[in-house]
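Below is one structure, written out as structure tokens; the observations come after it.
No hydrogens, no waters, no symmetry mates; every other heavy atom, side chains included, goes into these values. Keep in mind that this is a model prediction, so the values were computed, not measured.
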Amino acid sequence: MRPNFSRLAVPVFVLLQVGSSASMAQTVGQPTTREPLAAVGGQTIYDDDLLPFVQAQVFQLRLQEYEVKSKALEDLLNQRLLEAEARKRGIPNPTLLEQEADSKVAEPTEAELQALYIVQKEQLRRSFDEIKPQLRQLLKQARLQEARQDYYRRLREQAGVSIFLQKPRVVVAHDPARLRGNPEAPVVIVEFSDFQCPYCRSVEPTLKKVLAKYEGRVSLAYRDLPLRDIHPQAQLAAEASRCAGEQGRFWEYHDLLLENPNKLTREGLVEQARGLKVDEKQFDSCLFSGKYKAQIEQDRQLGLKAGVGGTPGFIINGNMLSGNLPQDAFEKTIEAELAASKGHRTAP
């Protein structure tokens, strides 16, 4: 029989003091304490001067710290809940696990072992009969682990566990003028991109599929991060996209630039704008003036300080991703954020 969960103690609330981890999320754009680190030639180098060079690595270290603490917290929660339920029943912990999890795991069938062997045959390089005992043990162990995790999950749900340990986040503002999708969407993908970057071009179809799948719930915001050292045409293309945005055609022009990477010269940029029926004189004057150089540099510095080390770089509600990622990589983060926005945050 299943345990009577109504007999569990009052809801368990776990508050983990994480010390320095409480400030893991770097909020870009907000004032920070300027801590002097060195002085050279009468000029002081401050802690925040290092951010463009170290933020990406530091953020990854904080993520690793979070993962370690999250796993330890999960193990401790499971242990405490199991002990509490075992005490109520007056039985040892191992006996409780045997009754509620282990005993419900069926022995692997011959067909299941055969199927597992076929999948792993190339790596195993041994006959089925030779490897069969190990396959049986591995499959049984995996099922035992899954059954125990399911039981722990039920205990946590019934006990009302609350988790306060937060995953480190990087918060950056988005530009409302360059937002594709619902402005009120609970999930915003902030993309730092470069119009001459082949990986930015390659990920574009994936982003469009994601927006279509989560229409109304996910929006995409664009930020410039031209890698001028390796993409000499990226800067002018970014300026041209801003000029098109002046006339309300940013996204149409954005798509054209990514579709036509061989037309990022000044002549090509003007030609593509002409195809959108914008005011050509206004566009050309805007591009010639260089009026958006400072704003593009602001975008670039924002990305570097946030820890974006290359393009495309994505910050999804504070979660950092990078590269030409598959659709499921975006969906995993999006689903977690959508659940969080509905107040469904649960134990790890």
Side-chain angles (χ1 to χ4, degrees), residues 28 56 59-60 63 167-227 230-231 233-234 237-238 240-242 244-245 249-264 269 272 275-276 296 299-300 302-304 306-342:
V28 178
F59 185 73
Q60 290 303 316
L63 278 178
K167 185 176 182 179
R169 294 173 181 267
V170 177
V171 181
V172 296
H174 65 269
D175 181 359
R178 293 176 293 167
L179 184 73
R180 176 174 261 171
N182 177 12
E184 303 299 324
V187 176
V188 180
I189 303 172
V190 180
E191 177 188 10
F192 286 87
S193 189
D194 171 320
F195 285 110
Q196 200 178 348
C197 166
Y199 302 107
C200 301
R201 185 165 60 253
S202 297
V203 79
E204 187 64 18
T206 301
L207 293 174
K208 289 183 176 179
K209 289 177 184 177
V210 167
L211 290 178
K213 179 174 181 177
Y214 296 97
E215 184 177 2
R217 295 179 292 164
V218 175
S219 59
L220 174 68
Y222 190 90
R223 287 282 194 186
D224 291 300
L225 207 162
L227 304 178
I230 59 174
H231 297 150
Q233 296 176 320
S241 73
R242 301 279 189 133
R249 308 304 293 271
F250 172 78
W251 284 108
E252 295 92 335
Y253 195 71
H254 161 280
D255 293 348
L256 280 177
L257 294 188
L258 292 177
E259 291 166 7
N260 299 279
N262 60 330
K263 293 184 178 181
L264 299 183
L269 294 171
Q272 293 184 84
L276 290 177
I296 290 168
D299 267 17
R300 184 173 174 275
L302 184 66
L304 294 175
V308 179
T311 55
F314 305 95
I315 298 177
I316 306 176
N317 283 26
N319 300 282
M320 187 179 295
L321 302 176
S322 62
N324 178 18
L325 299 171
Q327 186 171 340
D328 60 358
F330 290 99
E331 291 180 357
K332 181 179 179 181
T333 301
I334 289 168
E335 291 290 350
E337 290 304 312
L338 288 174
S341 71
K342 296 177 181 177

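Legend: residues meeting ring pair (Phe, Tyr, Trp, His ring centres under 6.0 Å) with Y253, ordered by chain and number and at least two apart, are F283. Residues passing the side-chain hydrogen bond (donor to acceptor under 3.5 Å, both in side chains) test with H231, sequence neighbours excluded: D194. Scored by the side-chain hydrogen bond (donor to acceptor under 3.5 Å, both in side chains) test, D175 finds R178 as partners (sequence neighbours excluded).
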Less than 3.5 Å apart, which donor and acceptor atoms pair up between the side chains of residues 314-326 and the rest of the protein, not counting sequence neighbours?
residue : atom : partner : partner atom : Å
N317    : OD1  : V188    : N            : 2.9
N317    : ND2  : P186    : O            : 2.9
N319    : ND2  : I316    : O            : 2.9
N319    : ND2  : E337    : OE2          : 3.0

For residues 207-220, dump all side-chain donor-acceptor pairs below 3.5 Å to protein atoms at least two apart in sequence or in another chain.
residue : atom : partner : partner atom : Å
K213    : NZ   : E331    : OE1          : 3.2
K213    : NZ   : E331    : OE2          : 3.1
Y214    : OH   : E335    : OE2          : 2.7

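Shortest non-hydrogen contact noted between Q233 and L264 is OE1-CB, 3.6 Å. The two residues V172 and A306 make their nearest non-hydrogen contact at CG1-CB, 3.9 Å. Looking at every heavy atom in both residues, F250 comes nearest to S241 through CD1-O, 3.4 Å. Across all non-hydrogen atoms, the minimal contact from G313 to V308 is CA-CG1, 3.9 Å. For the pair L257 and A237, the tightest heavy-atom approach, listed with the atom from each and the gap, is CD1-O, 3.8 Å.
With values rounded to the nearest 0.5 angstrom, H174 atom NE2 is found 12.5 Å from L302 atom CG. Going from atom CG of L258 over to atom CG of L256 covers 9.5 Å, rounded to the nearest 0.5 Å. T311 contributes atom OG1, which lies 7.0 Å from atom CG of L225 (distance to the nearest 0.5 angstrom).
Applying the ring pair (Phe, Tyr, Trp, His ring centres under 6.0 Å) test to residues at least two apart or on different chains, the pairs with a partner in residues 177-197 are F195-Y222, F195-H254.
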